[in-house]
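Notes follow once the structure below has been shown.
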Amino acid sequence: MTGVRSAESVIAELPRRLQDVLHLRIVQGLSVDRTARLLGTEREHVLLLQHQALDALRRRLRDAEAAGYGGARGVRTPRT
């Protein structure tokens, strides 16, 4: 599909650590504590990384929409 970016392609642009957190927390549905253990970090850091990842994802989807990509297929971006 020309002009439409998939959510996967946008996530692939994020730093690896943020991708890992999104995958473990959202795709695999792991708890914060389990994710922290797997990543070897504190639960508070997982929450911070998840917030950063979702914020970066929102910004990139919004930018893609503004640039005429139409956002990511199947992902709704909030209007501000």
Side-chain angles (χ1 to χ4, degrees):
M1 237 181 198
T2 306
V4 177
R5 297 177 70 192
S6 70
E8 293 85 9
S9 72
V10 177
I11 291 170
E13 296 173 1
L14 298 176
R16 185 66 192 174
R17 190 77 160 170
L18 299 183
Q19 290 180 41
D20 291 344
V21 168
L22 285 179
H23 181 76
L24 293 170
R25 292 281 295 132
I26 295 173
V27 176
Q28 291 191 14
L30 299 183
S31 70
V32 174
D33 292 326
R34 177 75 174 131
T35 301
R37 281 194 302 275
L38 287 172
L39 296 178
T41 191
E42 301 292 324
R43 71 182 318 276
E44 290 78 13
H45 193 228
V46 169
L47 292 171
L48 175 65
L49 291 170
Q50 181 177 325
H51 172 76
Q52 291 173 342
L54 292 173
D55 189 51
L57 186 58
R58 264 187 229 100
R59 280 194 317 271
R60 289 172 192 229
L61 290 172
R62 192 175 301 128
D63 291 347
E65 186 173 31
Y69 287 110
R73 188 177 58 236
V75 178
R76 298 176 66 164
T77 55
R79 301 267 182 215
T80 54

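Position 1 is the first residue of the sequence, and the numbers go up from there.
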Step by step, work out the side chain to side chain contact (heavy atoms under 4.5 Å, CB included) result for L22 and V27.
-> CA-CA 7 Å; L22 285 179; V27 176; over 6 Å; no
Please name all residues satisfying side-chain contact (heavy atoms from CB on, under 4.5 Å) with L47, sequence neighbours left out, ordered by chain then number.
-> V32, R43
Separation of L49 CG from L14 CG (nearest 0.5 Å) = 11.5 Å
side-chain hydrogen bond (donor to acceptor under 3.5 Å, both in side chains) partners of Q28, counting only residues at least two apart | H23
For R37, side-chain hydrogen bond (donor to acceptor under 3.5 Å, both in side chains) partners two or more places apart | none
Starting at OG1 of T35, measure out to CG of L39 and round the result to the nearest 0.5 Å.
-> 6.5 Å
Taking side-chain hydrogen bond (donor to acceptor under 3.5 Å, both in side chains) as the test, write out the residues that go with R34, two or more places apart.
-> none
Closest non-hydrogen contact found for Q19 with A12 is NE2-O, 3.2 Å
Keeping to residues at least two apart or across chains, list the salt bridge (charged side-chain N to carboxylate O under 4.0 Å, His left out) pairs with something in residues 15-31.
-> R16-D20
Co-membership, hydrophobic cluster, residues L24 and L48, 4.5 Å side-chain = no
Donor-acceptor pair, side chain of Q52 and main chain of L18, under 3.5 angstrom | no
side-chain hydrogen bond (donor to acceptor under 3.5 Å, both in side chains) involving S31 - partner list, sequence neighbours excluded | none
